[in-house]
Q: 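Quick one: this structure, given as structure tokens, is what I'll be asking you about.
Numbers restart at 1 for each chain; the letters A, B, ... are given by sequence-line order, proteins then strands. If you're wondering where the values come from, they're calculated on a predicted model, not measured in any experiment.
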There are 2 protein chains.
Amino acid sequence: MSSAPDNHAMNCLIRKLESIAPLSDRSRQAIESLPVRIHKLDARRDIVRDGDKPTHCCLIIDGWACRYKLLSQGKRQILSFHIPGDIPDLQSLHTHTMDHSLGTMTEATVAFIPHENLRELTARHPGLAAIFWRDTLIDAGIFRAWLVSMGRRSAFEHVAHLFCELYLKLQAVGLAGNYRCPLPITQADLADALGLTPVHINRVLQEMRGKTLITLRSSTLVIEAWSELLRVSEFDPTYLHLEKRATG
Amino acid sequence: MSSAPDNHAMNCLIRKLESIAPLSDRSRQAIESLPVRIHKLDARRDIVRDGDKPTHCCLIIDGWACRYKLLSQGKRQILSFHIPGDIPDLQSLHTHTMDHSLGTMTEATVAFIPHENLRELTARHPGLAAIFWRDTLIDAGIFRAWLVSMGRRSAFEHVAHLFCELYLKLQAVGLAGNYRCPLPITQADLADALGLTPVHINRVLQEMRGKTLITLRSSTLVIEAWSELLRVSEFDPTYLHLEKRATG
DNA sequence: CGACACATTGACCAGACTCAAAGCTAGTGG
DNA sequence: CCACTAGCTTTGAGTCTGGTCAATGTGTCG
């Protein structure tokens with residue numbers, strides 16, 4: 001826990017924002033001067049809970065997080081995955097009660113930024129406000145893409161689509177390349193994200209391996225046939241609205 | 001088609017915005033002075049298409065619209081339903097390419113508002129900018145709720161959850177009450193929204209009628225057992241972030 | 001070496017899909 | 001005012017994708 005301004009934390013955010021929009025020097029400086037409180041968290045810990053009324057937003061600096069919702073009978077739906085640079089609860093700035101939870105998937109370092117400072121930042125820098133708004137809009141676009149996968153794609157296509165998305169999002173912030181990216185989550189997590197069971201995920205993964213589409217071992221995903229993966233999942237990267245398109 | 005300022009159009013928007021946030025007189029006046037071009041559209045017409053780069057936003061004044069995405073093999077996923085007061089493509093203000101289509105479900109009256117005027121409005125009125133941002137955030141919350149339903153609810157529960165949501169959204173803008181609301185869509189539309197087939201939707205609806213949960217005839221939904229409907233779908237209205245909670 | 005979490009397998013089951021055929025019902029035109 | 005139509009709803013029978021339950025492998029870490 002620290003309260004000194006932290007360059008790494010804000011560089012992380014700046015890199016992410018630059019992946020979705022150009023950033024002026026003035027905006028960059030304004031971000032760098034945001035006060036943050038850095039926390040290190042274990043894997044599988046809640047950051048904010050369903051029903052909370054948070055007073056800070058949470059910037060992921062290292063590790064993975066996810067939004068999720070719990071239902072009766074222990075059912076869990078993961079709503080999104082988050083990687084360094086993301087602010088997964090940015091929406092709490094304008095919707096005061098959390099309608100889902102946010103938790104870590106791995107050990108993670110997160111920075112808490114008070115709402116008041118973000119409000120002041122967006123008031124003083126309308127350009128930044130627009131970029132943050134844009135970020136939440138892209139988020140919404142990802143939810144829509146997940147809806148399409150859930151509703152109208154087979155389990156196989158759905159998994160393929162998710163892998164394309166994760167690879168591109170990681171690549172956009174410099175955390176993946178060469179068709180190789182970290183995937184530090186269990187098959188049960190994958191199942192909860194895709195609305196399937198762990199058993200079925202396991203079978204789909206084996207089918208993907210059998211077709212030499214991917215390799216997945218020790219939390220690393222290697223995409224062996226990128227264009228085939230795009231094709232089977234009908235993947236179109238438009239919805240990620242990335243600034244630098246390096247879609248392979 | 002007209003270009004005179006239209007009171008009904010903007011009252012519609014004002015009522016919607018008031019359903020999610022308090023509105024100052026100054027904001028109200030600013031909205032009333034937005035220029036609009038009113039169009040009347042037939043049912044099942046596209047308003048904006050996947051891939052378009054729109055220069056206007058579209059305010060629904062009368063009738064229903066939906067966002068949807070088409071896949072190969074004629075598969076369609078409906079992503080959201082929109083009712084009078086909604087601006088379903090507000091996101092186009094900050095993401096320039098449409099990643100899905102927007103079309104009417106019924107005959108509809110829509111107002112087109114140029115992006116430039118909306119940009120100017122949000123620049124001059126940060127309070128309104130915040131409300132529009134909030135609106136898109138609530139939209140995202142609805143996508144998340146749909147994800148939960150798709151991933152972890154049975155067809156029966158999913159239908160029940162959607163009916164609760166639609167009823168409350170309509171009620172919030174004065175278009176429903178007394179457990180009765182318009183539902184001017186076919187079972188095939190419902191199927192495309194819920195990721196099911198029309199045949200299965202039909203069977204689920206019959207089961208709901210059998211349990212006296214609902215009546216659905218001539219495009220009118222009557223909820224016969226509100227609390228039971230809430231219970232079976234584990235419905236929690238928090239995610240709608242409505243200003244006046246009249247959740248029965 | 002044990003323990004624990006995670007991955008894999010097999011056998012069986014069920015919710016939702018497919019295909020195809022009838023029924024309705026609200027408009028339309030004669 | 002009735003017959004016709006087109007689009008929607010309903011029904012039945014058979015299928016299949018993905019679920020369930022339970023056991024067995026396979027790391028990895030202390």
Side-chain angles (χ1 to χ4, degrees), chain A residues 42-45 64 71-78 104-107 149-162 182-210 214-221 232-233, chain B residues 42-45 64 71-78 104-107 149-162 182-210 214-221 232-233:
Chain A
D42 284 341
R44 296 172 186 284
R45 290 286 179 275
W64 280 39
L71 276 76
S72 65
Q73 323 275 310
K75 282 181 290 189
R76 179 176 72 144
Q77 178 63 46
I78 289 181
T104 60
M105 312 225 58
T106 63
E107 273 198 359
S149 286
M150 289 260 207
R152 291 297 182 228
R153 285 195 245 261
S154 68
F156 188 93
E157 295 160 354
H158 193 173
V159 173
H161 198 276
L162 178 65
L183 192 73
I185 63 179
T186 66
Q187 295 184 4
D189 293 329
L190 224 34
D192 282 344
L194 302 177
L196 300 167
T197 56
V199 172
H200 198 60
I201 287 289
N202 186 278
R203 290 180 171 137
V204 168
L205 289 177
Q206 291 184 46
E207 194 185 345
M208 297 184 85
R209 289 185 185 113
I214 59 153
T215 307
L216 178 51
R217 237 186 16 247
S218 49
S219 297
T220 300
L221 171 68
V232 303
S233 60
Chain B
D42 284 341
R44 297 174 185 281
R45 290 285 180 277
W64 281 38
L71 278 78
S72 65
Q73 322 277 311
K75 281 180 290 188
R76 179 175 71 145
Q77 178 63 48
I78 289 181
T104 60
M105 312 224 58
T106 64
E107 274 198 359
S149 285
M150 290 261 206
R152 292 297 182 226
R153 284 194 248 261
S154 69
F156 187 94
E157 294 160 356
H158 194 173
V159 173
H161 197 275
L162 178 65
L183 192 73
I185 63 179
T186 66
Q187 295 183 6
D189 294 329
L190 223 34
D192 282 344
L194 302 176
L196 300 167
T197 55
V199 172
H200 198 60
I201 287 289
N202 185 277
R203 291 179 171 136
V204 168
L205 289 177
Q206 290 185 48
E207 194 186 345
M208 297 185 85
R209 290 185 184 112
I214 59 153
T215 307
L216 177 53
R217 236 186 16 248
S218 49
S219 299
T220 299
L221 171 69
V232 303
S233 60

Q: Can you tell me how far C1' of C/dT9 sits from CD of A/Gln187, to the nearest Å?
A: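 The answer, rounded to whole Å, is 12 Å.
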Q: Within the structure provided, determine whether B/Leu190 and B/Leu196 are in side-chain contact (heavy-atom separation under 4.5 Å).
A: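 In short, these two side chains do not touch, never coming nearer than 4.5 Å.
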Q: How about B/Val204 and B/Leu194: do any of their side-chain heavy atoms sit closer than 4.5 Å?
A: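 B/Val204 does not reach B/Leu194 side chain to side chain.
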Q: Can you give me the first and the last nucleotide of DNA chain D (5' to 3') that has an atom within less than 4.0 angstrom of a non-hydrogen atom in chain B?
A: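 The footprint of chain B covers D/dC8 to D/dA13.
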Q: Listing time: all N or O pairs from protein to nucleotides 17-27 of chain C that are below 3.5 Å?
A:
unit_1	atom_1	unit_2	atom_2	d
C/dC17	OP1	B/Thr197	N	3.4
C/dC17	OP2	B/Thr197	N	3.3
C/dC17	OP2	B/Thr197	OG1	2.9

Q: In this structure, how many angstroms lie between the P atom of C/dC6 and the CG atom of A/Asp189, rounded?
A: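 To the nearest whole Å, that distance equals 8 Å.
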Q: Students often get this wrong, so: under 4.0 angstrom with heavy atoms, is B/Arg153 touching a base, only sugar-phosphate, or nothing?
A: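 It contacts nothing in the nucleic acid.
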Q: Quick one: does B/Thr104's side chain have a donor or acceptor within less than 3.5 Å of a partner on B/Glu107's backbone?
A: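 Here the side-chain-to-backbone pair does not exist.
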Q: Measure across B/Ala191 and B/Pro198 and return the closest heavy-atom pair with its distance rounded to 0.1 Å.
A: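 Residues B/Ala191 and B/Pro198, closest heavy atoms: CB-N, 3.5 Å.
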Q: Give me the stems containing DNA chain C, sorted by first residue, counting only three or more consecutive Watson-Crick or G-U pairs with both distances under 3.5 Å; say none if there aren't any.
A: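 Stems found: C:1-30 with D:1-30.
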Q: Starting at CG of A/Leu190 and ending at C1' of C/dT8, how long is that distance when rounded to a whole Å?
A: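 These atoms are roughly 15 Å apart.
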Q: Do B/Thr215 and B/Thr220 touch side chain to side chain, with heavy atoms closer than 4.5 Å?
A: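 In short, these two side chains do not touch, never coming nearer than 4.5 Å.
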Q: Scan residues 152-162 of chain B for pairs that pass salt bridge (charged side-chain N to carboxylate O under 4.0 Å, His left out), counting only residues two or more places apart or in two chains.
A: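 Qualifying pairs: A/Asp192-B/Arg152.
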Q: Rounded to the nearest 0.5 Å, what separation is found between the CG atom of A/Leu221 and the CG atom of A/Leu205?
A: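 It is 9.5 Å, given to the nearest 0.5 Å.
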Q: What residues form a salt bridge (Lys or Arg N to Asp or Glu O under 4.0 Å) with B/Arg209, not counting sequence neighbours?
A: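 None.
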Q: Is the backbone of B/Trp64 close enough, under 3.5 Å, to the side chain of B/Thr106 for a donor and an acceptor to pair up by distance?
A: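 The answer is yes, because a donor-acceptor pair under 3.5 Å joins these two groups.
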Q: Taking only residues two or more places apart in sequence, or in another chain, which ones meet B/Arg203 in a side chain to side chain contact (heavy atoms under 4.5 Å, CB included)?
A: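 By the side chain to side chain contact (heavy atoms under 4.5 Å, CB included) rule, B/Arg203 matches B/Val199.
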